[in-house]
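See below for the structure under consideration.
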Amino acid sequence: KNDKYKLGLHKSRETLGNLKKLLEEKKTIDEDLFDELEEILIMADIGIDTVLSFMADLRKEIDVKSIKEPKELQEIIVDEMFNLYLQDEVVIADLDYKEKEVNVYLFVGVNGVGKTTSIGKLAYQLKKEGKKVLMVAGDTFRAGAIEQLNVWATRAGVDIFKKEPGSDPSSVIFDAIVKAKKEHYDVVLADTAGRLQNKVNLMKELEKMHRVIKKELPDQPSETLLVIDATTGQNGLKQAEVFKEATDVTGVILTKLDGTAKGGIVLAIRHLFKLPIKYIGLGEKIEDLVLFDIEDYIYGLFS
Ligand code: GDP
């Protein structure tokens, strides 16, 4: 089992750990217990809607299996969490990758959620796997963003394509892809601007990026990854929704899970967005990005 999860989720273990305690201390399954359970799940940021459907399923299971002891509930709860997350899909959803092609991964999300950091961490992993990686500084609105990405490129030991601040982001992506094709890069990791102030502009910009990518590489981007900060909770999900509406998101990278007690957000994302979580961030260091695995995750929370 993956101890990285257990360590990284230490804060969430405190909230959801109360659940275990509650089930051990309670003598009977009654409305009181249901109320307390509900409260713990809401505290863990699973989201009201998700909690309500979760509780309804739980009551049904208790009935069907004629469960009498609170102790027996723990296994049922863990099973319900699996079911809620899986929705008939594979447990681990790695990034779509094709050999001998330029694979473009576009990163979208609000400023500050951890896009640059996640690009840096992923670049480091891909490079270790022997892949030729090109980072693209597609957030041209902030000079700081370009500089920051440059720092991560050096750290990860990969190349970066950048232009002057203020350049048209689509032209940056376009030129980067021409270079990637010519020089046989395996992966292009493209940063984008996360300004939410103007939704129409944001949509137009992301659409244009998709268009210029497709012009050079018709099958790309193979992933558009929505980066979400776990510490911003339900509010962060509202902001993330704008990006989901603006572009064809294929998966989520959930950052800063080490910094929150609200690890239930994983289930809220699944319930709300119906998107697979591909990677999670469990710290600020370059190796702190791990492939998401719901089994390791639930084990990390409860064991
Ligand atoms: P961007 O504006 O979306 O590109 O965000 P950045 O990549 O610059 O990250 C913003 C802050 O979040 C930085 O201080 C990062 O160190 C921090 N950060 C990013 N990912 C994680 C994570 O998984 N865990 C923790 N603890 N901090 C993170």
Side-chain angles (χ1 to χ4, degrees), residues 2-14 45 105-125 133 135-156 158 160-162 165 169 172-173 189-197 202 205-206 209 223-233 235-244 246-247 249 251-263 265-266 269 277-293 296-297 300-301:
N2 198 334
D3 282 333
K4 250 192 163 158
Y5 275 72
K6 228 170 143 172
L7 284 172
L9 295 170
H10 65 280
K11 288 196 178 165
S12 286
R13 287 162 64 82
E14 285 168 23
D45 227 350
Y105 303 150
L106 214 54
F107 289 70
V108 301
V110 186
N111 287 338
V113 291
K115 280 194 301 289
T116 314
T117 309
S118 300
I119 291 173
K121 291 168 173 175
L122 192 62
Y124 170 76
Q125 285 186 16
V133 179
M135 280 186 192
V136 185
D139 180 357
T140 56
F141 291 92
R142 299 178 301 162
I146 302 174
E147 202 30 60
Q148 196 65 24
L149 198 68
N150 204 25
V151 170
W152 276 104
T154 310
R155 244 179 236 163
V158 306
I160 180 168
F161 185 87
K162 56 183 196 245
V172 178
I173 295 268
L189 302 175
D191 194 11
T192 64
R195 299 164 312 143
L196 267 185
Q197 289 83 346
L202 178 79
E205 193 175 302
L206 290 172
M209 269 190 192
E223 296 274 2
T224 301
L225 299 163
L226 176 57
V227 184
I228 299 177
D229 176 346
T231 65
T232 59
N235 196 25
L237 295 190
K238 279 230 176 61
Q239 293 187 319
E241 206 152 18
V242 175
F243 287 88
K244 201 183 168 235
T247 186
V249 177
V252 169
I253 293 186
L254 187 61
T255 62
K256 312 187 198 179
L257 267 169
D258 54 304
T260 179
K262 303 186 167 188
I265 197 162
V266 161
I269 288 172
I277 296 172
K278 303 236 164 172
Y279 278 87
I280 55 175
L282 292 172
E284 292 188 273
K285 293 194 299 295
I286 204 161
E287 63 274 9
D288 292 337
L289 186 77
V290 295
L291 199 57
F292 182 69
D293 178 331
D296 283 341
Y297 186 76
L301 287 177

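Note that ligands are numbered from 1 as they come in the structure, with each ligand's atoms numbered from 1 the same way. As the structure is a computational prediction, the values presented were derived from the model and not from experiment.
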(request) Identify the residue among Leu189, Leu226, Thr192 that makes a side-chain contact (heavy atoms from CB on, under 4.5 Å) with Phe107. (result) Leu189
To the nearest 0.5 angstrom, please state how far the [atom1] atom of [X] sits from the [atom2] atom of [Y].
X	Y	atom1	atom2	value
Leu122	Thr117	CG	OG1	12.5 Å
Thr224	Phe243	OG1	CZ	12.0 Å
Thr247	Met209	OG1	CE	10.0 Å
Asp191	Arg142	CG	CZ	7.5 Å

If the contact criterion is a heavy-atom separation under 4.0 Å, does [X] count as touching ligand 1?
X	result
Asn111	yes
Gly259	no
Glu284	yes
Gly112	yes

Heavy-atom nearest neighbour in the protein, as seen from [atom], with distance rounded to 0.1 Å:
atom	value
atom 5 (O) of ligand 1	Gly114 N, 3.0 Å
atom 26 (N) of ligand 1	Asp258 OD2, 2.8 Å
atom 22 (C) of ligand 1	Gly283 O, 3.1 Å
atom 11 (C) of ligand 1	Lys256 NZ, 4.0 Å

(request) Give a yes or no on whether the backbone of Lys11 and the side-chain of Thr260 come within a donor-acceptor separation of less than 3.5 Å. (result) no
(message) Between Thr255 and Ile228 (side chain of the first, backbone of the second, donor and acceptor by atom type, cut-off under 3.5 Å), is there such a pair?
(response) yes
Mark up the atoms of ligand 1 that fall under 4.0 Å of a heavy atom belonging to [X], in ascending order.
X	result
Lys115	1 (P), 3 (O), 4 (O), 5 (O), 7 (O)
Gly281	23 (O)
Arg142	2 (O)

Indicate, as side chain, backbone, both or neither, the part of [X] found under 4.0 angstrom from ligand 1 when only non-hydrogen atoms are considered.
X	answer
Thr116	both
Leu282	backbone
Lys285	neither

(message) My understanding is that only residues two or more places apart in sequence, or in another chain, count here; which of them pass side chain to side chain contact (heavy atoms under 4.5 Å, CB included) with Glu14?
(response) none
In residues 280-292, what donor-acceptor pairs under 3.5 Å come from side-chain atoms, sequence neighbours left out?
| residue | atom | partner | partner atom | Å |
| --- | --- | --- | --- | --- |
| Asp288 | OD2 | Glu284 | N | 3.4 |
| Asp288 | OD2 | Lys285 | N | 3.0 |

Kindly confirm or rule out an N or O of [X] lying under 3.5 angstrom from an N or O of ligand 1.
X	result
Ser118	no
Thr117	yes
Leu257	no

(message) When you compare the side chain of Lys162 with that of Met135, does any pair of heavy atoms fall below 4.5 Å?
(response)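 A side-chain contact is absent here, since even the closest heavy-atom pair is not under 4.5 Å.
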(request) State whether the number of non-hydrogen atoms from other residues, nucleotides or ligands found under 6.0 Å of Lys121 atom NZ is greater than 12. (result)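 Counting other residues, nucleotides and ligands, NZ of Lys121 exceeds 12 neighbours.
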